[in-house]
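Each remark here refers to the structure printed beneath this line.
Numbers restart at 1 for each chain; the letters A, B, ... are given by sequence-line order, proteins then strands.
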There are 2 protein chains.
Amino acid sequence: MTTLEDVAAFAGVSRATVSRVVNGDSNVKEKTRLMVEAAITELGYSPHPAARALASNQSQTIGLVTTSYRGGFFGALMDNVQSEAESRRKQLLVTQGKNSADNEWQAIQRLYNLRCDGLILHVRALSDEQLCTLAQEGKAFMILDRLVPGLEDRCVAFDHHRASQMATKQLIDLGHTKIACISGPSSRHSSQLRRQGFLDTMNAAGLLPVACLEGDYDMQSGYQMADKLLQSRRPTAIYCCNEEMAIGALLAITEHRLTIPNDISLICYDSGERAAFVRPALTSIHFPITDMARHATERLIDPECTPEVFMPTIIDRGSVIAAKR
Amino acid sequence: MTTLEDVAAFAGVSRATVSRVVNGDSNVKEKTRLMVEAAITELGYSPHPAARALASNQSQTIGLVTTSYRGGFFGALMDNVQSEAESRRKQLLVTQGKNSADNEWQAIQRLYNLRCDGLILHVRALSDEQLCTLAQEGKAFMILDRLVPGLEDRCVAFDHHRASQMATKQLIDLGHTKIACISGPSSRHSSQLRRQGFLDTMNAAGLLPVACLEGDYDMQSGYQMADKLLQSRRPTAIYCCNEEMAIGALLAITEHRLTIPNDISLICYDSGERAAFVRPALTSIHFPITDMARHATERLIDPECTPEVFMPTIIDRGSVIAAKR
DNA sequence: ATGAAAGCGCTAACAG
DNA sequence: CTGTTAGCGCTTTCAT
């Protein structure tokens, strides 16, 4: 491997000068810069990250800890975080929290031990207190899809309650009264918010839910819950709290020889992965998690940038129509 | 951050000794080791990876380059590679090849510039020659799901042609004669192999395919192809070359008011992600890509370990039954 | 079994 | 604008 030293010798300058052109320091005469650049190309030089990290006390590395790698939007999330990081010349390190506070904590410590400059935390099990502790230790990090009291400026959050309200209200406004909801696991805070948004909106409208079943965000549970639903009471509209379950519900509905939207209106949460791609395409309430991930990365790297606010929006794909009367 | 030096001072030994216990060198008196370990715990010391990498000329880092992060088995693949790497105390760096030879090549160079000790390559666009060039440059890497002539010992491959034969033969053995296939994009070599395995087997049995349509491995294309299929000729069995398309096909079949397996038998390729979780569950030909990924990682880190061979197997989940006569 | 000392390749004052 | 000089924290001979 060729080193800074080799380049310096080849170009006939000092190592410091080479370092300056590599790092885009403006204090270099145009002519010198050209010579050095030529030497770099000629020699195929690439700086050694470890040496750089050691000398500068910055690893140019950011860490991402997510609950799990499987299913859902993980790939998309990672894609966005990474492309944002790369565009700012940072390397991304990824680790999973594996659904427990202990594992999440360990994952975080691991990443800091690896000397990441900062972390993107998409964690569920860790307590607000632990997050606050981390902040007090002076660690750099951003929290994704969660609002921690006292750490507001480090959070990129989304109003799940409000999103659910919008979805539910859409159904009610179209005249539906027999509405069911398939929610996510109540162990997750955001699931609770989505569920509660549904219940509160129904309540405010003086409506009793046909059912409010708890799934686990998998396709299969969506299938099972919808199947159960259709065997007993028969709603005219179903609201699924994520895309995977909506696809499961879609399968069950079709299997019961019912048609969307004629027999049943179906609306779901939408992280941009599948709702648009199944048939029929699903009307959904958009959850811009990938944009949020990109923004969290941006904020982590450049704390001065202006915070974005992410609001729920409804994407009409025709799977919701007015109730027959 | 506490350093080796701090620990040495605290324990009253030299830095070299601390380094020895950290690295598990046996030439340390039991008593000394204990003292040092106590100091490490007491001070919460964690070695600086950059310093270590710089001094040892090893980054303890391995790189993974995949075609894309989205959909399919990427998460599972990454999960396996990472857990294998972590169990051997290596850090994983991931990059996507973004479906072009140029991008794949760049991704690889990037990872080597980052001084990865070795790479796992799950690449499609790169030519055999480029891979050979890499090998000649003395780079360490393993190739996943691809057999490159001359680089056999660096490949963890799978016989897609044979797997397709097995799936097709299963259908034929059960008396089906009106069989259709929905294959993947012909731009990918492994798709061609799967398609050809189907065609060859049909041919050998003296059967003419009802159709052999090309999809792009997405759920939507599975839906479209199956829909097209059912509008004209009517097969009694369909073979889908991946899981996503099979789910799309499932949707289309159900929408056409047909039942699996009574009206139509459906078999698909199975990477372990979804075929078992839709309803009805899908009989499939198992493609152990995640195990292969784990093994590639193992081989990369320990070139001496015994190579595993991965064979196709059929998993019967009841979506394929004998043809009505 | 332990220590001393010489780097690994780079950045960052500080001079000039 | 450029060069000199110290390190960054660790591994690794080479002595002892």
Side-chain angles (χ1 to χ4, degrees), chain A residues 1-40 42-61 89-91 110 112-117, chain B residues 1-40 42-61 89-91 110 112-117:
Chain A
M1 282 276 102
T2 80
T3 70
L4 231 205
E5 180 113 44
D6 299 333
V7 178
F10 189 94
V13 298
S14 74
R15 299 180 324 193
T17 302
V18 180
S19 177
R20 287 189 186 99
V21 352
V22 167
N23 294 295
D25 186 317
S26 61
N27 283 356
V28 180
K29 207 200 301 171
E30 183 63 14
K31 197 176 156 194
T32 321
R33 149 167 292 114
L34 258 28
M35 285 184 54
V36 173
E37 280 168 352
I40 289 176
E42 179 63 29
L43 268 34
Y45 168 72
S46 167
H48 195 308
R52 195 194 283 238
L54 191 57
S56 68
N57 197 29
Q58 284 205 126
S59 65
Q60 303 296 344
T61 262
R89 333 208 102 205
K90 308 279 183 199
Q91 173 58 33
R110 238 185 111 257
Y112 280 126
N113 282 342
L114 252 17
R115 307 303 196 270
C116 285
D117 294 335
Chain B
M1 282 274 103
T2 81
T3 69
L4 233 203
E5 179 114 43
D6 299 333
V7 177
F10 189 94
V13 297
S14 73
R15 298 178 325 191
T17 302
V18 179
S19 176
R20 286 188 187 101
V21 351
V22 167
N23 293 294
D25 187 314
S26 59
N27 282 357
V28 179
K29 207 200 299 172
E30 184 61 16
K31 197 177 159 194
T32 321
R33 148 166 294 115
L34 258 28
M35 285 183 55
V36 173
E37 279 168 352
I40 289 176
E42 178 64 29
L43 267 34
Y45 168 72
S46 166
H48 195 307
R52 194 194 282 237
L54 191 57
S56 69
N57 197 29
Q58 284 205 121
S59 65
Q60 303 297 345
T61 262
R89 335 206 100 204
K90 308 279 184 198
Q91 173 59 33
R110 236 184 112 257
Y112 280 125
N113 282 341
L114 253 17
R115 306 306 196 270
C116 285
D117 294 336

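- C:dT11 atom C1' lies 12 Å from atom CD of A:Gln60, rounded to whole Å.
- The CG-C1' distance, from A:Leu34 to D:dC1, rounds to 15 Å in whole Å.
- Of the possible donor and acceptor atoms, none in the side chain of A:Arg33 sits under 3.5 Å from a partner among the backbone N and O of A:Lys31.
- Counting only heavy atoms from C-beta outward, the side chains of B:Asn23 and B:Arg52 approach each other to under 4.5 Å.
- Between the CG atom of B:Leu4 and the P atom of C:dC8 there is a distance of 19 Å, given to the nearest Å.
- B:Thr32 has its side chain within reach of B:Thr17: a pair of non-hydrogen atoms, C-beta onward, lies under 4.5 Å apart.
- OP1 and OP2 of D:dC8 both lie 4.0 Å or more from every side-chain N or O belonging to A:Asn57.
- B:Met1 places its CE atom 16 Å from the P atom of D:dC8, with the value rounded to the nearest Å.
- Within the structure, every side-chain polar atom (N or O) of B:Thr3 is placed at least 4.0 Å from both OP1 and OP2 of D:dG9.
- What separates NE2 of A:His48 from P of C:dC8 is a distance of 12 Å, to the nearest Å.
- At most 12 heavy atoms of other shown residues, nucleotides or ligands fall within 6.0 angstrom of atom CD in A:Glu5.
- At a threshold of 4.0 angstrom between heavy atoms, the contacts of A:Val22 with the nucleic acid are absent.
- Between the C1' atom of D:dT2 and the CG atom of A:Asp25 lies a distance of 11 Å, rounded to the nearest Å.
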Filtered N/O pairs between nucleotides 12-15 of chain C and protein, under 3.5 Å:
none

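- Taking all atoms of both residues into account, the shortest heavy-atom contact from B:Ala53 to A:Ala50 is CB-CB, 3.7 Å.
- Taking atom CG of A:Asn27 as the reference point, atom P of C:dT11 lies 16 Å away to the nearest angstrom.
- Spacing between atom CE of B:Met35 and atom C1' of C:dA1 amounts to 14 Å, rounded to whole angstrom units.
- Proximity of a side-chain donor or acceptor of B:Asp25 to a complementary backbone N or O of B:Asn27 within less than 3.5 Å is detected.
- Judged by distance alone, with hydrogens and angles left aside, the side-chain atoms of A:Ser19 form no donor-acceptor pair with the main-chain N or O of A:Arg15 at under 3.5 Å.
- OP1 or OP2 of D:dC1 has not a single side-chain nitrogen or oxygen of A:Thr17 nearer than 4.0 Å.
- Between C:dT2, C:dC10, D:dT2, one nucleotide has an atom nearer to the side chain of A:Ala51 than all others, and that is C:dC10.
- Listed nucleotides: C:dC10, D:dC1, D:dG3. Nearest to the side chain of A:Arg52: C:dC10.
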